[in-house]
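The structure appears right after this line, and notes come after that.
Given the structure is predicted, the values throughout are model-derived calculations rather than measurements. Whatever order the structure lists them in is the order used to number ligands and atoms, beginning at 1.
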Amino acid sequence: MCRHLAYLGPPVTLADCVLHQPHSLLHQSWAPADMRGGGTINADGFGIGWLAGDVARRYRRDVPMWSDASLPDLAASISSGAILAAVRSATAGMPVTEPACAPFVEGTAMFSHNGVVDGWPASLAPLARALPPAVLMGLDAPTDSAFLWALVREHLRAGSSAASALSDVAAAVLARAPRSRLNLLLNDGRQIVATTVSHSLWVKQGEGSVTVSSEALDPGEPGWQPVPDRALVEATASQYEIHHV
Ligand code: GLN
């Protein structure tokens, strides 16, 4: 059910970040190793977001990552110190379209959701009532993930920290749809914040860099730490913390 990753550190090419490791996001798109709770491959589109200055830019397609013949050249030509990428396995009933692919972005914030909201959309109707009509009318896509992004973005606009925004939204959704799977991931160029609810996640601290990824990109290499379920990760390029929530 979707795979995602975020990177913070010295600028790297999108290709080095997303395509070149032994178990890169590209490899995970057709050979994921830990798809808990359904799904076999991530063929319903992909997206790569990166910070250029203080603006999040992105490239998204509604085709499998492996079938985009232009991606390798494009990805080799763009470097950034803050990247968030995702490959998608659409939840049954949700549209397979480019705007439904993460990352969802605003300003420097890049966001992705790996999972599913149980009972969507009825289960979250009470949360929708708290959003301004224009926000609901302007959802990126009619999907659970785009709605979660709208909730997170409202928290950020109201001044919440990224960690509070993700943990508050996860708690509010679980209160109404307890069997949801909610691996949320946000990278704003200063920090990466992530939640784990019923999906895999790993963290690796490098030399002045950090990578948070659904699956280890070079399994067998030292440094990858699994994140336990029901956790909140707060990471910068120099350190990370894992809190139980
Ligand atoms: N439910 C989300 C979607 O359909 C995420 C799916 C997933 O994690 N596989 O886009």
Which of the numbered atoms in ligand 1 are under 4.0 angstrom from any heavy atom belonging to A90? 4 (O)
Any nitrogen or oxygen of V116, main chain or side chain, under 3.5 Å from a nitrogen or oxygen of ligand 1? no
Electrostatic pair D68-R61, nearest N-O below 4.0 angstrom: yes
Is K204 paired with D218 through a side-chain N to carboxylate O contact shorter than 4.0 Å? yes
Could you tell me, atom by atom, which parts of ligand 1 come under 4.0 Å of a heavy atom of C2? 5 (C), 6 (C), 7 (C), 8 (O), 9 (N)
Check: L185 main-chain N/O paired with S112 side-chain donor or acceptor under 3.5 Å: no
State yes or no: are the ring centers of Y59 and W50 separated by less than 6.0 Å? no
Given R88, R3, H4, which one has a non-hydrogen atom that is nearest to atom 4 (O) of ligand 1? R88
Verify whether one side chain among H23 and Q21 offers a donor that lies under 3.5 Å from an acceptor in the other. no
Can T143 be said to touch ligand 1, with heavy atoms closer than 4.0 Å? no
Based purely on interatomic distance, does G115 place a nitrogen or oxygen under 3.5 Å from a nitrogen or oxygen of ligand 1? yes
Check S145 against ligand 1 and report side chain, backbone, both or neither, counting heavy atoms closer than 4.0 Å. side chain
Per-atom filter on ligand 1: closer than 4.0 angstrom to a heavy atom of D144 are 1 (N), 2 (C), 3 (C)
Main-chain N/O of I192 paired to N187 side chain as donor or acceptor, under 3.5 Å: no
